[in-house]
Every structure is written in C-alpha cells, then in structure tokens.
Amino acid sequence: MIEKEDCMNILRRIIVGTVLSLIAAAASADLKVATSIEDLASVATFVGGAHVKAFSLCKGYQDPHFVPAKPSLMRLIRDADVFVSVGLGLDEGWLPLVLPGSRNPRIQPGAPGFVDASEGVAVIDKPVGTVSRAEGDVHPLGNPHYYMDPANLIVVASHLARVFAELDPANATVYERNAKAFAAKMQAQSKAWEATLAPYHGASIVTFHRNFEYFLARFGLKRFGTVEPRPGIPPAPRYLAELAASMKREGVRVVVYQPYFDANASRGLASRAGGAAVEAPTEVGGVPEAGDVFAKFQVDVDRIAVALQAGAAR
Amino acid sequence: MRRVLVFLWLAVLTASPGARAAAPSIISNLANPAIGVNGLFLCQGAPDLDQAYGMRPGEAEISVISTVDPYWTLTVYFVLDAQSALAEEAFATTTKIPGVTLKLGQLRASFGKHGLLHTHAFPFVQAPVISVNTLGEEGFKDAGAEAAWMTPLPWFCELTLGAYQALPADPDHALDFGAVSRGNMPGLAHLKNLVDVDDDTTLEVGGSAIEGLGSDGMHHAVWGADLTVRNVPLRQSNERGWTVQAEFLHKEAYGGGVYDQEAFGWYGSLQYRWAQTWWTGVRVQEAYRSFTDTLLDSTGTPEPGYTRGASANISYLPSEFSQIRLEYSALRATGVDGSRALDRRLMLQFSFIIGFHALHAY
C-alpha cells in the first residue's frame with residue numbers, strides 16, 4: 001500500500017529529475033552535428049568548440065564506402081541540427097537510406113542543416129570520357145578522399161564555420177575565430193609534415209585503394225600501383241604476383257593499407273617485393289593514435305617516412 | 001515559291017556549324033531521374049516438374065527515382081518479363097513531417113521481412129512457400145498510403161500504419177480483399193524493433209498484421225512475426241558477416257461465426273559471407289494448408305497440403321553489380337488425402353545491375 005507521503009516523494013523526485021534534465025539540456029552544446037566520417041566530426045569539433053557536439057556515423061576503422069545502413073544510425077541523427085556528408089559519392093552506398101530514414105527534415109539535402117563538405121574543394125581524378133564500371137567502382141564526380149590533404153580540411157573548416165554561423169548566429173564570431181585558428185594550426189603542421197617527407201620527394205609507394213591520392217600529391221610522393229586491380233575489385237593471385245615483380249624491378253618497397261582492407265594481401269605483396277606493408281589510416285580513429293585530424297596526419301607521415309627510410313636502406 | 005524554298009535550304013546548309021551547335025536548348029536534362037536496371041536470369045533443372053531443363057524466362061526491373069521538389073521523392077519500378085511489362089510500384093515519399101515517413105501510391109506493403117524484398121534481392125531463388133501462400137510471391141502490393149513513425153523510445157522502434165485499395169485475389173495477390181462495400185479499406189500495422197547488441201551485431205524483432213473484407217463477405221487477414229540477428233564486423237563490413245532470420249506467417253478468414261485457418265508456416269535461414277566475393281546460405285521451411293507447384297489432386301488441380309523442405313546455395317559476387325548463384329532446393333508435400341509430391345530443383349541464377357541501384361534496407 002503506497003502512502004500519500006510516498007506518492008508526494010515520488011512526484012517530487014520526478015519534478016526535480018525533469019528540471020535537472022532541462023538544465024542539463026540547456027547547458028549542453030548549441031548544435032548537434034552528425035557527420036559521415038570521423039575526420040569531418042573532428043573538424044566540426046575544432047570549429048564548433050564548446051558550442052557543438054559532433055559525432056560520426058562511420059567509425060574510423062570502418063570502410064566509409066560500405067557502412068551498414070542500420071536503423072540505429074537513423075535514430076542517432078533524428079534530432080541532429082546539422083549533417084555533414086563527405087560528398088562526391090563516397091557515402092552514396094548508405095546515406096540515401098540513413099538520411100531519409102532519420103525522418104529529420106532539418107538535415108535532408110536542400111535544407112540548411114545539410115552540408116556537402118566537398119563544396120569548394122579542388123577535386124582530382126575526375127573521369128574523362130566515358131565513365132564505365134568496367135573500370136571498377138569508379139566515382140564519377142572525382143576522387144572523394146579529399147580529406148587526405150590538410151589544405152582541403154581548411155576549406156571544410158571555413159565551410160562549416162559559415163553553416164554553423166547561419167544556424168547559430170549568436171556564436172558566429174566564435175566559429176569564425178575557431179576556423180581561422182584551425183587553418184593556422186593546419187598550415188603550420190603541414191610545413192612540418194612536408195619537411196619530414198621532403199627527403200623522399202618523388203618516391204613511389206603502393207596503396208590498397210586510390211584513397212591516398214591527395215596525400216601523395218600534397219607531399220610529393222607517387223602511386224606506383226594499387227593492391228586492388230580496380231576500385232572495389234579484389235585482387236587475384238596472378239595480378240598480385242605481377243605487381244610484386246614490377247615493384248621489385250622498380251625498387252618500390254612500401255605498401256600502404258587501411259585497417260578495413262585485407263592486411264594479408266598487402267603484407268604478402270610487400271613481402272614478395274622485398275619491402276614492408278604499413279597500416280596508415282585514411283580516417284581519424286583508424287588506429288588508436290589517430291584521435292583527431294592532426295594526429296591522423298602525424299601518424300601517416302611518421303609511418304610512411306619510417307617505411308620509406310627502411311626501404312631505401314635495403 | 002520554289003526559289004524561296006531553295007534559298008532557305010541553302011541558308012540552312014551554309015549556316016555556321018558552330019552557331020548551330022551552340023544553339024541553347026530551353027529543355028534541360030540536368031534534373032533527369034536516376035535510372036537503373038536489374039536483369040535476372042535463371043537456368044533450372046527440375047525433374048519433378050513438367051518443364052524442359054535449361055534457361056527460364058528472365059525478369060528485368062527498371063528503377064526510376066528522382067526528387068520531385070523540396071517536398072517529395074518519386075520512385076517507380078517497372079518489371080518486364082516474357083509475358084508482361086508493368087509498373088510494379090510507383091510511389092511518392094516525403095520526410096517533411098518530423099518523425100514520420102509518408103508514402104503513397106502503388107506500394108509494396110511494409111509487412112514482415114521477406115515480403116519487403118524485390119525478386120533480385122531474395123536471399124534464395126524462390127520465395128518461402130508460406131510467403132507465397134499468404135501475401136504473394138513478392139509481398140502484398142496495392143495502391144494505398146503508409147505512414148511510418150519512429151517512436152521516441154531509446155532503441156529503433158518504428159510503427160507503420162497503412163491503408164490500401166480493396167482488391168480481389170489474383171495470381172499476384174494471395175489475399176482476397178475484394179468486397180465492394182464502401183467501408184472496405186484493408187489496413188496494415190507493422191512494428192519493427194531493432195537494437196544494437198554490440199558494434200557488429202543487431203537484433204531485430206517485428207510483428208505485422210493486415211486485414212480486409214473479402215469478396216465472400218468474410219474478413220481475411222494475415223499476421224506474422226519475424227526475428228533477425230545480423231552480424232557485420234565493422235572492420236570487415238565488405239568481407240564478412242552472417243544473418244540468421246526466422247519468420248512465421250498465418251493466414252485466416254473469419255466472419256458470421258465461421259473461422260477458417262487458411263495457411264500457416266515458417267521459414268528459418270542462415271546466410272554467411274566468408275569473403276568479399278562469396279556468400280552461402282541454407283534455409284528450412286514448413287507450410288501447412290499451402291499450395292505448391294507439384295501437389296495436385298486426381299484431376300490435376302493444385303491442392304493445399306503440408307509442405308516441408310530445405311534449400312542451400314552458394315553465391316559468387318565478382319563485383320557489387322553482378323552475382324552468380326547455384327542453389328539446390330527440395331520440397332516434400334503431402335495432400336489432405338495422403339498423396340505425396342516432391343519438388344526438387346537445381347538452379348543457376350545470374351543477376352546483373354547497371355546504372356543507379358536503389359539501396360536495399362538493412
């Protein structure tokens with residue numbers, strides 16, 4: 001039997017709990033920002049500071065081409081204020097299900113809360129002539145892995161600052177200031193990374209997928225080949241044997257792969273060519289040390305520099 | 001007059017090709033819809049069927065999808081086979097209502113799991129016997145409207161309510177909703193719950209019911225329950241994974257103090273992916289009071305009976321856009337009079353996709 005006093009106590013607790021929840025909600029971030037990949041969430045966090053809570057639907061150790069379109073992802077973004085897509089078709093395999101499935105009109109394409117982060121970026125590898133899947137799973141709009149060039153993330157930061165300012169004018173100056181600080185830090189770090197890789201200018205490496213193109217162009221390296229014969233097509237043993245032979249012949253000794261690609265194929269190829277395979281993340285969170293965009297580039301630059309140095313010593 | 005015509009003709013011939021090429025068009029093709037085609041071809045050997053071995057008539061599905069305006073998206077699926085060409089689905093969708101997806105037009109009703117699939121997305125070549133006998137081979141398709149509400153519960157919980165046009169049973173519709181009374185508006189309720197067990201594994205539990213008034217004056221209904229456990233390792237989402245799924249379906253008719261349990265049954269399946277290019281699967285099924293291709297009475301007319309069977313397949317996917325599947329299926333059916341029939345099939349299915357491919361739900 002519940003006494004009247006007990007009822008009052010329960011009611012009091014509910015009221016206090018609700019008020020505390022409302023206070024907590026009011027004190028939390030002004031904008032809830034969801035992104036396709038961790039790199040965009042990292043940039044959004046730098047630009048938004050305390051006024052933004054950013055999170056990514058795709059984990060850094062997950063292939064951004066093949067994210068299972070789980071309904072739980074739809075639920076995660078049902079109350080997001082902003083959604084930042086990589087664009088250029090990288091997330092087209094799952095985003096067309098997840099975004100409408102969120103039933104959140106604020107973040108649908110065309111709404112102020114939808115951001116295509118590729119806008120304003122200088123895109124490379126745009127196919128010329130006929131676009132055919134005989135060339136594999138090509139991206140008709142160009143290479144979507146632009147977030148592998150530090151300079152492109154400065155463009156993204158500036159873009160996000162504009163969008164955040166439109167949606168949250170009260171903090172517009174904070175977003176602009178943070179974007180400028182981000183750009184300054186990225187420019188300074190880029191110089192250091194360029195200096196680290198300068199001794200290997202013009203060196204060739206093999207990547208698993210064509211997701212290092214922007215990085216290679218920025219730091220003066222070359223792609224000798226890819227582990228997969230065409231985008232999205234797994235390698236056959238004969239192809240790998242031929243690639244290993246040509247690597248050996250040309251003195252290419254570094255193979256770069258990501259956590260979500262077949263490490264055995266990369267290691268086997270490197271071993272046959274007399275070189276080494278390096279796990280270098282293309283996305284933030286790909287390895288534990290790559291906690292934000294700066295740390296990711298630092299990990300990539302350090303690991304590739306060490307591998308190239310070891311390859312040159314062989 | 002002839003001189004004028006010759007002059008005009010010469011004027012056209014001598015006009016600058018560059019100027020002609022540069023003539024602007026007032027019709028833009030920039031907003032063309034995304035178009036895709038899926039071709040499905042089957043080679044079959046079935047010793048228990050009165051059919052020649054070899055290629056069976058294929059099916060092509062053409063999908064046309066485009067944003068209409070800031071409010072609506074239109075999706076149309078045309079299906080072409082040897083006998084017909086028809087707009088299987090044509091519906092408009094809007095997500096402008098917070099928390100709700102509204103869909104209207106010619107729809108595939110949101111019932112159960114297998115009933116949502118297009119033929120090329122079937123995990124096995126044939127639909128389960130109980131699905132064919134309750135909803136139809138490709139689910140329940142009809143003109144209507146559906147609203148799917150994502151509830152504010154801490155897990156993904158979606159409630160869908162639908163209302164459809166009253167239609168009698170036909171070879172494509174296993175359900176008789178053909179009563180001509182004004183109040184006959186078949187309705188659907190579907191509840192879908194999905195929780196993340198961990199980063200890689202999800203558990204989905206669903207329940208569905210559809211009901212309407214038949215041309216015989218009886219209420220006809222199907223209800224179903226489904227359970228799916230899916231594992232897709234995040235680090236190898238394109239290389240590994242498995243899905244265990246079971247679905248129970250029950251079809252009934254009632255009214256005027258009469259109750260008729262028309263058909264019921266279940267299937268359970270396991271699909272396992274062990275490499276980027278390889279999948280395999282097994283399925284077992286049971287169906288009561290159900291029709292099959294081989295169970296016939298003494299006059300050669302199909303009769304309902306008890307059916308149980310199993311299927312096993314292996315699929316090779318050289319890319320995302322093509323698939324070759326080898327499948328063996330065996331069904332044993334027993335009629336009410338004790339007659340027995342076997343249905344064994346060895347099938348080789350080819351599936352090809354060109355252009356835009358509408359994504360399949362998780």
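All values derive from a computational prediction rather than experimental measurement. Naming: A, B, ... by sequence-line order, numbering from 1 per chain.
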Scanning both residues in full, the closest heavy-atom pair of B/F156 with A/R75 reads N-CD, 3.6 Å
Segment of B/E204 engaging chain A (4.5 angstrom heavy-atom cut-off) = neither
When the 4.5 angstrom heavy-atom criterion is applied to B/L194 and chain A, the contacting part is side chain
Would you name the heavy atoms of A/P259 and B/R235 that are closest together and state the gap between them?
-> CB-NH1, 4.0 Å
Using a cut-off of under 4.5 Å for heavy-atom pairs, which of A/Q258, A/R103, A/M74, A/Q62 has the most such pairs with chain B?
-> A/R103
Which region of B/T202, side chain (C-beta onward) or backbone (N, CA, C, O), has a non-hydrogen atom less than 4.5 Å from a non-hydrogen atom of chain A, or is it both or neither?
-> side chain
Of the backbone (N, CA, C, O) and the side chain (C-beta and beyond), which part of A/K70 lies under 4.5 Å from a heavy atom of chain B, both, or neither?
-> both
Side chains of B/T277 and A/P234: closer than 4.5 Å at any heavy-atom pair?
-> yes
Sort out for me which of B/I354, B/T67, B/V195, B/T101 touches chain A most, counting heavy-atom pairs under 4.5 Å.
-> B/T101
Check: B/T95 side chain, A/P100 main-chain N or O, donor-acceptor pair, under 3.5 Å | no
Write down the atom of A/G232, the atom of B/Q276, and the distance for their closest heavy-atom approach.
-> O-NE2, 3.1 Å
What pair of heavy atoms forms the shortest contact from B/Y362 to A/P68, and how long is it?
-> CE1-CB, 3.8 Å
Which answer fits B/L153, side chain, backbone, both or neither, if we ask what part of it has an atom under 4.5 Å from a heavy atom of chain A?
-> backbone
Where do B/M150 and A/S102 come nearest, in terms of heavy atoms and distance?
-> CE-O, 3.8 Å
Chain B contact via A/D79 - which portion, at a heavy-atom distance below 4.5 Å = neither
Using non-hydrogen atoms and a 4.5 Å limit, figure out which bit of B/V100 sits close to chain A: side chain, backbone, both or neither.
-> backbone
For chain B, find which of A/R133, A/R78, A/K59 contributes the most heavy-atom pairs closer than 4.5 angstrom.
-> A/R133
Should we count NZ of A/K126 as having more than 12 external heavy atoms under 6.0 Å?
-> no
Selection from B/L234, B/I97, B/T93 maximising heavy-atom pairs under 4.5 Å formed with chain A = B/L234
Taking every heavy-atom pair that is under 4.5 Å apart, which of B/P318, B/A275, B/P154, B/P70 has the most such pairs with chain A?
-> B/P154
Do A/I233 and B/S319 have side-chain heavy atoms sitting under 4.5 Å apart?
-> yes
Options B/G241, B/G355, B/P233, ranked by heavy-atom pairs under 4.5 Å with chain A, top entry = B/G355
Which atoms of B/T151 come close to chain A, meaning under 4.5 Å heavy atom to heavy atom: side chain ones, backbone ones, both, or neither?
-> backbone
Look at the side chain of A/Q108 and the backbone N and O of B/Y71, then say whether any donor-acceptor pair between them is shorter than 3.5 Å.
-> no
Residue pair B/E239 / A/Y260: nearest heavy atoms and the distance that separates them | OE2-O, 3.9 Å
So CG of A/D63 and CD of B/Q236: to nearest 0.5 Å the spacing works out to 11.5 Å
Please flag which part of A/E92 lies under 4.5 Å from any non-hydrogen atom of chain B: side chain, backbone, both or neither.
-> backbone
B/A148 versus chain A, heavy atoms under 4.5 Å apart: side chain, backbone, both or neither?
-> both
